[in-house]
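Encoded as structure tokens, the structure appears first; notes follow it.
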Amino acid sequence: MGAAGGLLYASAFAILAPLPVSQNAAAVALLTFLRVFSQAWGVSIGGAILQNALKKKLPSALVSQFPDSADIAYSIVPTIPMLLDPLKHDVQFGFLRSFRILWIATEVLCALGTLTVLFMKDLPLRKTVDKDWGLEKKTETESAVEEALSSPPPSTKP
């Protein structure tokens, strides 16, 4: 988990390298949005793959006890310790085969994502600094207000 998170945030340098410094904030915001959006899709797709695999791999007598709209993975897990041995073994083996399918699908998607590295341009990281970035010119009124706010209040003691 830690290595994957590090790889995710290290990719920001590849995104920011070709952009001027003034566009960094928008680029990082878009990158963060796309990561969160992709994670939501990943959880949804992974859940759908697991749910469909469990419906096919678990014993049909057990699956028929749950309504079609039930999330089988969460519904069956608490009942597994109470199942009798032959059925318990079949359920555990069904989970094993279902997670294998999910693992294979995840690995295929990871391999496709890794292939995108081949299409990245080799750009050097920026070594210059935009000296005007984040600076604003103040009007005389703003300067006077700032000066008034920064000076100590007049003493009201007689």
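- The shortest non-hydrogen separation linking Pro81 to Pro78 is CD-O, 3.5 Å.
- Across all non-hydrogen atoms, the minimal contact from Gly94 to Lys57 is O-CB, 3.7 Å.
- Taking Ile, Leu, Val, Met, Phe, Trp and Tyr as hydrophobic and joining them when side-chain heavy atoms fall under 4.5 Å apart, one finds Leu96 in a cluster with Phe93.
- Using a 4.5 Å cut-off between side-chain heavy atoms of Ile, Leu, Val, Met, Phe, Trp and Tyr, Leu102 falls into a hydrophobic cluster with Leu30, Phe33, Leu34, Phe37, Trp41, Ile45, Ile49, Leu50, Leu54, Leu58, Leu62, Val63, Phe66, Ile72, Ile76, Val77, Ile80, Leu83, Leu87, Val91, Phe95, Phe99, Ile101.
- Other residues sharing a hydrophobic cluster with Trp103 under the 4.5 Å side-chain heavy-atom criterion for ILVMFWY residues do not exist; the residue is a singleton.
- Through direct or indirect side-chain contacts shorter than 4.5 Å among Ile, Leu, Val, Met, Phe, Trp and Tyr, Val36 is connected to no other residue.
- Residues satisfying the side chain to side chain contact (heavy atoms under 4.5 Å, CB included) criterion with Asp71, sequence neighbours excluded, are Gln51, Ala73, Tyr74.
- Of all heavy-atom pairs between Ala61 and Ser64, the closest is O-OG, 2.9 Å.
- Here the CZ atom belonging to Arg97 is positioned 12.5 Å from the NZ atom belonging to Lys56, to the nearest 0.5 angstrom.
- Other residues, nucleotides and ligands contribute at most 12 non-hydrogen atoms within 6.0 Å of the CZ atom of Arg100.
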Quiz: residues 108-118 side-chain donor-acceptor pairs under 3.5 angstrom, not counting sequence neighbours:
from   : atom 1 : to     : atom 2 : distance (Å)
Thr114 : OG1    : Cys110 : O      : 2.8
Thr116 : OG1    : Gly113 : O      : 2.5

